[in-house]
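This report concerns only the one structure given below.
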Amino acid sequence: MRIASWSWGGRYQVGTISADGREATPLALADASLGALPLIQMLARGEPLPGASGARLAVEAIELRAPLPKPLRTIFCVGRNYRAHAAELAESVFRTSLPAEDAWPIVFGKLAECVIGPHDPVRLPGAAVSTQIDYESELAVVIGRGGRDISRARAMDHVFGYTVVNDVSARDVQVRHQQWDLGKSFDTFCPMGPWITTADEMDGRSTRVRGWVNGELRQDGHTRDMIFDLPTLIETCSRGITLHPGDVIATGTPSGVGMGFKPPKWLGPGDVVKIEIDGIGAIENRFE
Ligand code: MG
């Protein structure tokens, strides 16, 4: 099942998207302003999927929003989770050499307020704030059933589904403050969508992640190449912290980000970044 959030006819709706990605069916939900969040909470409580509340719409006729336009709280983000990406940034953002096999994942937060839709513009913050804006194509895990101290062995039982995010990053700000949260959380810096594909339809542990800038393929990775796999990430993020239905974990980006080029290829006004993950779909955002 694909769960999407959209606006149509001046109001918000949440519903399902057909397998071919062309038709949207709204579901009977009291409040669609928070996107799929109330639906995920309902399903986590064991309630049934609500019925359709209207006729099918052409996806072309609706305006897709982020499936979780206002996540419950800060998004969990994982840094340095593909070896080739760790290598390309080893001398800058990460500052240390490649992780030892027994190292722990890097986890930081991205403010929930920076989420935007799959086709919304990303606002560049201006040269006084940052001159090193970069993209990161990422698979995001959406938590279904909540829990604390979730074991690796049970972790996949807590996955509701998957969506695509661009973990947009201001590299100079990231480095300057040592903690990454500021440079990752500028307004509009988390494009998300186009919808959530539920875990019964795909396995996020084995899918292809690609990113293009102005049509040029820059990132082409596979989630099986993660340093810390999805169960490990869920176990890590839930150690001593209760995960809730609708929580989001962005799982890190493959190699090919702008900072990895010599010289680096920063994003500027007019650039368009497209990210596609097999089994989900694509988001495409213009930088302004
Ligand atoms: Mg990232």
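Just follow the structure's listing: the first ligand is 1, and inside any ligand the first atom is 1.
With 3.5 Å as the limit, one finds no donor-acceptor pair spanning the side chains of E88 and S255.
Cation-pi check for R65 over Y12 is met; the charged atom lies under 6.0 angstrom from the ring centroid and within 45 degrees of its normal.
Atom CG of residue L68 and atom OG1 of residue T163 lie 7.5 Å apart, to the nearest 0.5 angstrom.
Within the 3.5 Å criterion, the main-chain N or O of D134 finds no donor-acceptor partner in the side chain of S169.
No option in T198, I143, V141 other than T198 meets the side chain to side chain contact (heavy atoms under 4.5 Å, CB included) test with F160. When each of E136, R80, M259 is tested with H85 by the rule side chain to side chain contact (heavy atoms under 4.5 Å, CB included), just one qualifies, namely E136.
Excluding waters, the set of protein N, O or S atoms lying under 2.8 Å from the Mg ion (ligand 1) comprises E136 OE1, E138 OE2, D167 OD2.
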